[in-house]
Amino acid sequence: MIKKLLVIGMLLCTIKANAQTAAYTPTADNLAARQNFEDLKFGLFIHWGIYSELGAGEWVMNEKNIPYNSYKRLADFFNPQGFSAHDWVQFAKKAGMKYITVTARHHDGFSMFGTKVSPYNIVDATPYHKDPMMELAQECEKEGIELHFYYSLLDWGRADYAYGSPIVNGLPAKGDWDSYIGFMKAQLTELITKYPGVKGIWFDGGWERDVNWHYDEIYGLIHKLNPAILVGNNHHLAPKEGEDFQMFEKDLPGNNTTGFSGKSEIGKLPLETCETINNSWGFNITDRSFKSVSQIIHYLVNAAGRNANFLLNIGPMPNGKIQPEFTDTMAVVGTWMQKNGASIYGTRGNAIAPQSWGVVTYKNKTMYAHITAMPQLPYIFIPKVKAKVLKVTLFTGSENLKFKQQPEGVFVYTNGIKADAYDTIIQLTTN
Ligand code: FHN
């Protein structure tokens, strides 16, 4: 009996040891890609699919209870003659964005790329017959913009996914789970091996059901195909083994106004938060709640101060064009970024907690205090500055500003300074 217990004990130890060796160790290339990703700071999120035709957001099939077989007809007349990868990439560049995350496949299950493993895709099922994801990947590579693919784990239409099926013992009672996992692996292989320069996969929809998603196999496959690819998953939970960045939806890290972030403690991975330019992800013709230049710059600055990238979403129109309201706003943001971007790109945040007047970013020995709400008092106080401050100026000027450093922090006197319309940046040089 004792012998038997010993054998079982040894077996359990071996299993544990194997599980530990199977733990994910990011490669040097992956770690470098993470750092680079953190430097980029500002990205463009794009939700575009056959749902865009209805102008009511990407959830329209579900929200309007459109039967799948009727919804599928949208593919017959999806013909985005106005799509230009060049225009999308120029839109991002002009706005000061450094990467694009685009919906390769959303919850409706329609593939916006030329896949061989499902006929329900833009090349085979629409009169357009072209692959916009390939054009975009090539254009991004040419223009030095990084590309991430959004990929939905949830599928409203496929029989093997069996949307709506009860989950029994971690598996959908209907459908064919192995077949669905295999299908996703085949598509992800296509996205990583066929499309040039892909830097990340942005999963979403896993929150729909509590099943075994085979993340170990899926993430393992991605990293086997290209170890540097960054994997992120919008599961609204703390990061899981095999993930390379942590994302937040419609909330700055640490906030939970949406209710999505309640279970996602901030981990150690690079952070990203996404938000919409109006109130919709996919094109919504009635949504005119456009965010102002000031709101967008503040979101970006507040994310950077909390050490997160900002991924700002637009939903292009069904013809592939971007509506002028977005272009106009982002051109102004871009002009501001040209002047002030050095205080954001390549910086890190979170060394100093957000203050009532704004946030602090830093790079090497320079700190940038971003004042987004001018204080009533004639100074700002930056707590817990350990390094000795040698010089304080406005980011856009060379004139020295008065300051006083104490063990508790630094007072910078702001009376008489020329405030910026969006964010007055004060530069502190330390030793
Ligand atoms: O359901 C999706 C939604 O359509 C959109 O893609 C956003 C983007 O973060 N994510 C999901 C909701 O969490």
Side-chain angles (χ1 to χ4, degrees), residues 42-66 68 71 74 97 99-113 133 147-158 161 163-164 184 191 200-210 213 230-240 243 245-253 255-264 270-287 289 291 296 299-300 303 308-316 318 326:
F42 196 18
L44 175 65
F45 206 178
I46 300 179
H47 276 66
W48 192 53
I50 55 173
Y51 47 76
S52 311
E53 288 179 274
L54 299 180
E58 76 291 353
W59 271 72
V60 61
M61 172 181 155
N62 188 283
E63 283 170 356
K64 295 213 189 296
N65 286 320
I66 305 173
Y68 185 52
Y71 180 86
L74 288 174
M97 292 154 157
Y99 66 104
I100 293 178
T101 305
V102 63
T103 47
R105 176 168 158 273
H106 206 267
H107 310 334
D108 64 354
F110 188 77
S111 298
M112 291 295 284
F113 62 103
M133 296 299 119
L147 183 67
H148 291 200
F149 282 130
Y150 171 110
Y151 190 82
S152 177
L153 294 154
L154 154 64
D155 191 302
W156 289 325
R158 284 182 63 96
Y161 186 89
Y163 181 61
M184 290 199 296
L191 286 171
I201 302 290
W202 207 102
F203 287 106
D204 198 0
W207 34 259
E208 195 265 329
R209 48 176 61 167
D210 191 11
W213 283 104
L230 301 182
V231 171
N233 192 330
N234 190 28
H235 41 49
H236 308 151
L237 302 168
K240 294 179 191 293
E243 294 172 5
F245 67 102
Q246 182 178 6
M247 56 189 65
F248 297 84
E249 179 173 330
K250 284 184 153 294
D251 258 319
L252 292 166
N255 291 356
N256 186 19
T257 60
T258 53
F260 291 147
S261 308
K263 293 185 183 155
S264 49
L271 308 176
E272 181 192 69
T273 178
C274 57
E275 178 54 290
T276 47
I277 197 166
N278 47 6
N279 279 336
S280 314
W281 298 103
F283 175 59
N284 189 324
I285 202 158
T286 56
D287 183 352
S289 314
K291 294 199 174 56
I296 292 167
Y299 212 102
L300 171 62
N309 285 7
F310 179 36
L311 185 63
L312 176 67
N313 180 80
I314 59 162
F326 301 168

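We count residues from 1, following the sequence as given. All ligand and atom numbering here is 1-based and tracks the order in the structure. Predicted, not measured: the structure shown is a model, and the values here were computed from it.
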Among protein heavy atoms, which sits nearest to atom 10 (N) of ligand 1, and what does the distance come to when rounded to 0.1 Å?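 It is D204 OD2, 2.5 Å.
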- Query: Do D287 side-chain atoms and S280 backbone N/O form a donor-acceptor pair below 3.5 Å?
  - Reply: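 Yes; at least one donor-acceptor contact below 3.5 Å.
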Problem - Any donor-acceptor N/O pair, W213 side chain to G206 backbone, under 3.5 Å - result: yes
Work out whether the distance between some heavy atom of [X] and some atom of ligand 1 is less than 4.0 Å.
{"X": "W202", "result": "yes"}
{"X": "H236", "result": "yes"}
{"X": "H107", "result": "yes"}

In terms of its nearest heavy atom to atom 12 (C) of ligand 1, the top option of E249, E208, E275 is E249
Checking heavy-atom distances from atom 4 (O) of ligand 1 to each of H47, H235, E58, the winner is E58
Can you find a side-chain donor-acceptor pair between [X] and [Y] that sits under 3.5 Å?
{"X": "W207", "Y": "D204", "value": "yes"}
{"X": "S152", "Y": "H107", "value": "yes"}
{"X": "T276", "Y": "K250", "value": "yes"}
{"X": "H235", "Y": "E243", "value": "yes"}

For [X], counting its heavy atoms only, list the atoms of ligand 1 lying under 4.0 Å from any of them.
{"X": "Y150", "result": "6 (O)"}
{"X": "C274", "result": "9 (O)"}
{"X": "N234", "result": "9 (O), 10 (N), 13 (O)"}
{"X": "H106", "result": "3 (C), 4 (O), 5 (C), 6 (O)"}
{"X": "W59", "result": "1 (O), 2 (C), 3 (C), 4 (O)"}

Across all chains, not counting sequence neighbours, the salt bridge (Lys or Arg N to Asp or Glu O under 4.0 Å) partners of R158 are D160
Set of side-chain contact (heavy atoms from CB on, under 4.5 Å) partners for S111, sequence neighbours left out: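 Partners of S111 under the side-chain contact (heavy atoms from CB on, under 4.5 Å) test: R105, F113, T115, N121, Q187.
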